[in-house]
Amino acid sequence: MGWLAPTAILVSLLYLGLLFALASWGDRRAEAGRSVIANPYVYTLSLAVYCTAWTYFGSVGVAAAQGVGFLPVYLGPTLLALLFLGFVRKILVIAKAYGITSIADFASARYGKSGVVAGLVTIVALVGSIPYISLQLKAVATGVGLLIAHGGGRDVLAGMGADTALIVTVLLAAFSILFGTRHIDATEHHQGMVLAIAFESLVKLFCFLAVGLFVTWGLFGGPFELLARAEEAGLSDRLAFTGTRLGAADWFVLTLLSGLAALLLPRQFQVVVIENLDIRHLERASWLFPLYLFVINLFVLPIALGGLILGGTVGEADSFVLALPLVHGQSWLAIFAFLGGLSAATAMVIVETVAVSTMISNDLVMPILLRMKALGLARKPDLTRLILGVRRAGILLALLGGYLFFQGVGEAMGLVSIGYIAFAGVAQFAPLLVLGIAWKGANRNGAVVGLLAGFLVWLYTLVLPSFVTAGMLPQSLVAEGPFGLDLLRPTALFGLAGLNPVAHCAIWSLTVNTGLVVLVSLLTRPSDLERLQAILFVDVEQSRRTPRLWRGEAKVGALEELLVRFLGRPAAEAIWREEAARRGRPLGPDEPADARLVERAERQLARAIGAASARAVVASAVRGETVGPDALMEILDETQKVLEYSRRLEQKSHELEAATAELRRANERLRELDRLKDDFLATVSHELRTPLTSIRSFSEILLDNPDLDAEERAHFLRIITSESERLTRLINDVLDLSKIESGRMDWQVAPADLGELVRAAIRAGQGILAERGVTLETAIPAEPTPVVCDRDRIVQVVLNLLSNACKFVPRPGGRVRVELRRRGAVFEVRVEDNGPGVPPSQREAVFEKFHQLTGDLNTQKPTGTGLGLTISRQIVERFGGRIWVEDSPLGGAALCFTLPVAEEVTSLAA
Amino acid sequence: MLDRPVARLVALALVALVLFNFPTLAIVERIAPGGVPLLPFYLFGVWAAVIAAAAWLIERQGEE
C-alpha cells in the first residue's frame with residue numbers, strides 16, 4: 001500500500017487548494033454584495049469550528065477510557081445554545097453597536113477602553129491557545145505518521161516522529177498566513193474564511209459519520225451486535241457513569257467549562273460574535289448548533305467500543321478513527337477519515353490564529369508601537385504592511401508555541417487533556433465578560449486583578465502539573481506540594497482533593513477570579529469613561545434600538561430611522577416626502593438608498609448634531625460599520641452641547657418673558673399716569689379759568705363804564721384783587737405739588753419744635769380767624785416737642801388746616817380748637833371745628849387733588865384751590881407722618897396729623 | 001423574537017441542566033435492564049428531546 005501516503009498527501013493539498021478557491025469566491029461574492037454566508041445554516045456550520053481534532057480524534061480516545069465521559073464537552077455548548085437568545089444575543093448587540101473586533105477589544109471597551117485589559121486578555125488568549133493548537137498539530141502529525149507507516153501494522157502507532165510535527169506546523173503556519181492575512185479587514189467580516197470553515201464543518205461531519213457507519217455496520221452487524229460484543233468483552237462499564245471516572249462535581253464543572261469555551265475561545269468568539277452578519281441567525285442556530293454536536297457525537301461510543309473490541313488499546317484510541325479503516329483495508333475510507341481530521345484541525349488553526357493574531361496586532365503590539373513616539377508611526381499614512389507583518393508574526397508565534405508545547409508536553413498527554421487546559425484558560429474571561437454586560441459596577445481594576453489572579457491560578461493548578469506529567473518538573477511538586485507544603489499541592493489546593501484536575505482548576509480559578517472582580521470593583525472607583533462604557537454595555541438595548549443599521553448596505557428605512565432619531569418624526573417625514581416627490585414615486589424602506597439620499601440625510605443630520613457626528617452615524621448606516629466608541633463619545637459630547645445650548649435658549653426666553661411682563665406693567669402704569677396728567681391739566685385749566693373769567697369780566701365792566709361811582713368801582717376792584725390772589729395761590733399750589741411729586745422740592749430739613757411751629761401758624765392765621773369771627777381754643781404743651789422737618793412747610797400744613805376749618809364753621813358761633821399732644825413715638829396735631837363734618841365716605845377723598853367739599857356754608861362757592869390737603873398730605877408723609885380726618889368732639893370734623901418724635905438729633909435729611 | 005420564547009428557552013436550558021446532571025444521573029445509573037446500562041441512551045435521548053423542544057419553540061415563532 002505504498003501509494004496510500006502520497007495519495008493522501010496529494011488529496012490533502014488539493015483539498016487545501018479547494019478551501020482557498022472557496023474562500024476567494026466567498027470574498028468576491030461579499031464584495032459584490034451577494035453574500036453566500038448570510039443565512040443561519042452557514043452561521044451554524046461556522047460555529048461548528050468548535051469541533052476540532054479534539055472531537056474528531058480525541059473524543060473516541062476519551063470514550064475508550066471513560067465511556068460517556070466525553071459528553072460534557074458537547075452538553076455544555078448545547079446549554080449555551082439554548083441561551084443564545086437570552087444571553088449571547090446581548091453580547092452580539094454590544095459588539096455590533098460599538099464595532100468590536102475581538103474578545104480583547106470587547107473587554108477593553110467595556111472597561112474604559114483600557115489598554116491594560118486588552119493586553120492582558122490577549123496574553124491569556126495566546127497562552128490558552130497554544131495547548132489547543134498543539135493538540136491539532138499532534139492529531140495531524142499522528143495521522144500523517146499513521147498513513148506513512150501503514151503496512152507495519154498497529155506497532156507504528158507509537159512511532160511518531162517529531163519531524164512530521166514540525167513539517168505539519170510549518171505547512172499549517174504557511175497556510176494560515178496565506179489564508180488569514182491576505183488583506184487587512186479587522187473591522188470587516190472575513191466572509192471567505194467563514195465560508196471555508198463552514199465547508200470544513202460539513203466535510204468533517206460526513207467523514208466522521210462515514211467512519212462511524214463503517215465501524216457499526218461494516219465491522220459489526222449494527223449497534224445491538226456491537227453492544228452485545230462490548231458486553232462480552234467486559235466493556236459495559238464504559239456505558240455506566242462509574243466508567244467515566246468523574247464525580248458529580250467534575251461532570252457539572254466540565255459541562256460549565258465547555259459551555260463557556262464555546263463562546264470564549266478566541267475562535268468561538270470570532271465566529272459567534274465578530275463574523276455574525278445578522279443577529280437573527282442566532283435564533284435558528286440555537287437548535288441547529290446543538291443538532292450538529294448531537295450528530296457528530298452519535299458514533300463516538302460505537303467507534304471507541306469497536307476499536308477496543310477489535311484489540312485496540314486505550315492508549316491508541318485517539319487514532320481509532322483513522323486506524324480502524326486502515327487496518328481493515330479501507331484505504332479510501334482512511335484517506336477520507338484523514339481528510340476529515342485535517343478539516344477539523346485546519347479550520348481550528350485558521351480561525352484561532354486569525355483571532356489571536358488580530359488581538360496581538362490590534363490590542364497588544366500596535367498600541368505599544370503607536371505609543372512609542374520615537375517610531376513616529378502615528379504620522380505614517382499607511383500602516384497596513386506593518387499590521388500585516390505583526391499579524392503574520394503572531395500566527396507564527398502561536399503555531400511555534402503549539403509545536404514547542406507538543407514537543408515538551410503534548411506527547412505525554414491525550415488530546416482531550418490538552419484541550420481542557422485551553423478550556424480552563426479561556427474560562428477566565430467569563431467573570432469580566434458576564435459581569436461586564438450585567439453589572440455596571442464592575443470596573444477596570446476589578447477586571448485586571450480578577451483576570452490576572454484567575455490566570456495565575458490556572459497556570460499553577462493546571463499548566464504546571466502538565467509539565468510535571470511530561471517529566472519536565474519533578475513529580476514531587478504535584479505529589480507533595482512545593483517545598484513539601486501539602487496545602488499548596490497544585491492539583492489539591494488547600495486540601496481540595498478528589499476532583500478531576502480540570503474541575504479542580506476551574507473551581508479555584510473561577511472562584512478567585514469572580515470574587516476578586518466583584519471585591520476590587522466594589523472597593524475602587526471607576527473613571528468617568530469606565531462608568532460611561534459600563535452604561536453603554538449594560539443598557540445597550542435601551543441606548544441603541546437600531547437593528548437595521550447592521551445590514552451591509554444602507555437601506556432607505558435605516559436612513560429614515562436615523563433622521564427620525566436625530567431630527568424628530570415630522571421633520572424626517574417632510575424630508576422623505578420631498579425626496580419621494582422628486583423621484584415621482586414613494587420610497588420603500590427596504591430599497592437601497594442612493595448617494596443623493598445618503599448625502600441629503602447627512603447634511604440634514606449635520607445641522608442637528610454637527611458634521612463629525614453626522615458622518616459617523618451615516619457611515620454606520622451606509623457601510624454596515626458600526627459606530628466606534630470614539631465616534632460615539634463624540635456624538636454624546638455634541639449632543640450634550642446641543643442640549644446645553646437649548647437649555648440656555650430656554651432660560652433666555654424665560655428671562656425675556658419676565659422682562660416683557662415687567663415692561664407691560666410699566667407701560668400700563670405710564671398710561672395711567674398720562675391719563676392722570678391729562679385729568680390734572682383739564683382740572684387745573686378749569687380752576688384757572690374761573691378766577692380769570694371773573695377778573696376779565698369785572699375789568700371790562702370798569703373799562704366800559706368809566707362813570708361808575710367810586711364805591712362800586714372799589715367793590716369791583718376788590719373782587720379783581722381777591723380773584724388775582726386766588727389765582728396766584730392756585731399757581732403756587734400747583735407748582736408746589738408738581739415739585740413735590742417729581743421729587744424736585746427743595747426741602748429745608750432741620751430740627752424744630754412742633755409746638756413752636758403750631759403757634760407760629762396760629763399767629764399767621766389770626767387774620768382769617770378774626771375775619772370770620774371764629775373762637776379759637778388751643779391746647780399746646782409748654783414742654784419741648786422736638787421733630788425734624790422743614791419748618792415752613794409744616795407751618796403751611798397747620799395754616800392750611802386752620803383755614804380749612806374756618807371755611808366750614810358756622811358764622812357766627814364758629815369754634816376751632818387746635819391741640820398738640822404726644823402719643824407714643826409721635827406727636828399728634830388736631831385741628832377740630834364745629835362745622836358740618838366730613839361724612840365717612842368722603843374722608844379719604846378730601847385728600848385727592850381738586851376735591852372740594854361743596855357746602856361752604858357762607859358763600860356757596862369754593863374759595864380754596866382744592867390742592868391744600870393734597871399738598872399737606874405729601875408734606876406730612878415726607879417727614880414720616882400720617883394725616884387723616886375723623887369726628888371731632890366739637891361736632892364737626894377733626895383734621896389730624898402726626899410727626900415722629902425726634903428723641904435725639906437724628907438725621908432724616910434726604 | 002418576543003420575550004416569551006426567550007424566557008421559555010432559558011427555562012428549557014435550566015431543565016436540561018438538571019436532566020444532564022446529578023442527582024438525575026444517579027437515578028438513571030441504577031437502571032440497567034438486562035445488564036446493559038441505560039445511561040448513554042438516556043443522555044442521547046434527552047439531548048435529542050431538548051434539541052427538538054428548542055426547535056419547536058423557535059420555529060413555531062416564525063409561523064405566528
Side-chain angles (χ1 to χ4, degrees), chain A residues 40 63 67-68 70-72 74-76 78-87 89 223-224 227-228 230-231 236-244 246-256 259 279-280 282-295 297-298 300-302 305, chain B:
Chain A
V68 292
F70 71 97
L71 268 182
Y74 308 96
L75 296 181
T78 299
L79 297 179
L80 177 83
L82 295 177
L83 297 177
F84 269 179
L85 299 177
F87 162 69
R89 188 177 180 283
F224 295 104
L227 263 180
E231 218 172 330
S236 47
D237 73 309
R238 300 296 196 281
L239 303 177
F241 193 82
T242 42
T244 64
L246 294 170
D250 297 328
W251 181 274
F252 176 81
V253 172
L254 291 182
T255 306
L256 177 77
I279 277 190
R280 285 170 300 182
L282 270 182
E283 292 173 17
R284 195 154 283 163
S286 324
W287 67 271
L288 279 179
F289 179 49
L291 185 63
Y292 183 99
L293 298 177
F294 177 83
V295 174
N297 277 296
L298 270 177
V300 169
L301 215 45
L305 293 176
Chain B
M1 285 298 278
L2 300 172
D3 287 343
R4 220 150 71 125
V6 174
R8 287 177 178 172
L9 281 168
V10 173
L12 180 63
L14 291 175
V15 171
L17 186 71
V18 172
L19 293 179
F20 284 147
N21 272 283
F22 280 80
T24 320
L25 294 186
I27 299 164
V28 177
E29 179 76 350
R30 290 164 172 270
I31 308 167
V36 179
L38 188 69
L39 187 68
F41 301 98
Y42 167 81
L43 284 174
F44 276 93
V46 171
W47 197 358
V50 166
I51 293 168
W56 183 69
L57 280 176
I58 288 163
E59 298 308 322
R60 193 185 52 147
Q61 190 56 36
E63 294 161 17
E64 279 175 9

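Each chain gets a letter, A, B and so on, in the order the sequences are listed, and its residues count up from 1.
With a threshold of 4.5 angstrom between heavy atoms, A:Leu301 approaches chain B through side-chain atoms but not through N, CA, C or O. Residue B:Ile51 touches chain A through both its backbone and its side chain, counting heavy-atom pairs closer than 4.5 Å. For chain B, no part of A:Leu80 is nearby; none of its heavy atoms comes within less than 4.5 Å. The part of A:Leu227 that comes within reach of chain B is its side chain, from C-beta onward, which places non-hydrogen atoms under 4.5 angstrom from that chain. For a residue to count as touching a neighbouring chain, one of its non-hydrogen atoms must lie under 4.5 Å from one of that chain's; by this rule A:Arg238 does not touch chain B. Both the backbone and the side chain of B:Ala48 have a heavy atom closer than 4.5 Å to some heavy atom of chain A.
Within the 4.5 Å cutoff, the side chain of B:Glu59 has no heavy atoms near those of the A:Glu283 side chain. The shortest side-chain heavy-atom distance between A:Leu83 and B:Leu9 does not fall under the 4.5 Å cut-off. Between A:Asn297 and B:Phe44 the shortest side-chain heavy-atom distance falls below 4.5 Å.
The shortest heavy-atom contact between B:Ala13 and A:Leu79 is O-CD2, 3.6 Å. Considering all non-hydrogen atoms of both residues, A:Trp287 and B:Ile58 come closest at CD1-CD1, 4.0 Å.
Remark: B:Asn21 pairs with A:Trp251, A:Phe252, B:Leu17 by the side chain to side chain contact (heavy atoms under 4.5 Å, CB included) rule, at least two apart or across chains. For A:Tyr74, the side-chain hydrogen bond (donor to acceptor under 3.5 Å, both in side chains) partners two or more places apart in sequence, or in a different chain, are A:Thr55, A:Ser59.
Atom-to-atom distance recorded for B:Leu43:CG and A:Leu71:CG is 5.5 Å, nearest 0.5 angstrom. Going from atom CG of B:Leu38 over to atom CZ of A:Phe241 covers 14.5 Å, rounded to the nearest 0.5 Å.
Of the listed residues (A:Thr255, A:Leu256, A:Leu293, A:Leu288), the greatest number of heavy-atom pairs within a distance under 4.5 Å of chain B belongs to A:Leu293. The candidate with the highest count of non-hydrogen atom pairs below 4.5 Å against chain A, out of B:Pro40, B:Ala26, B:Ala52, B:Ala16, is B:Pro40. Top candidate by heavy-atom pairs under 4.5 Å with chain B, chosen from A:Gly259, A:Pro290, A:Gly86, A:Ala230, is A:Pro290.
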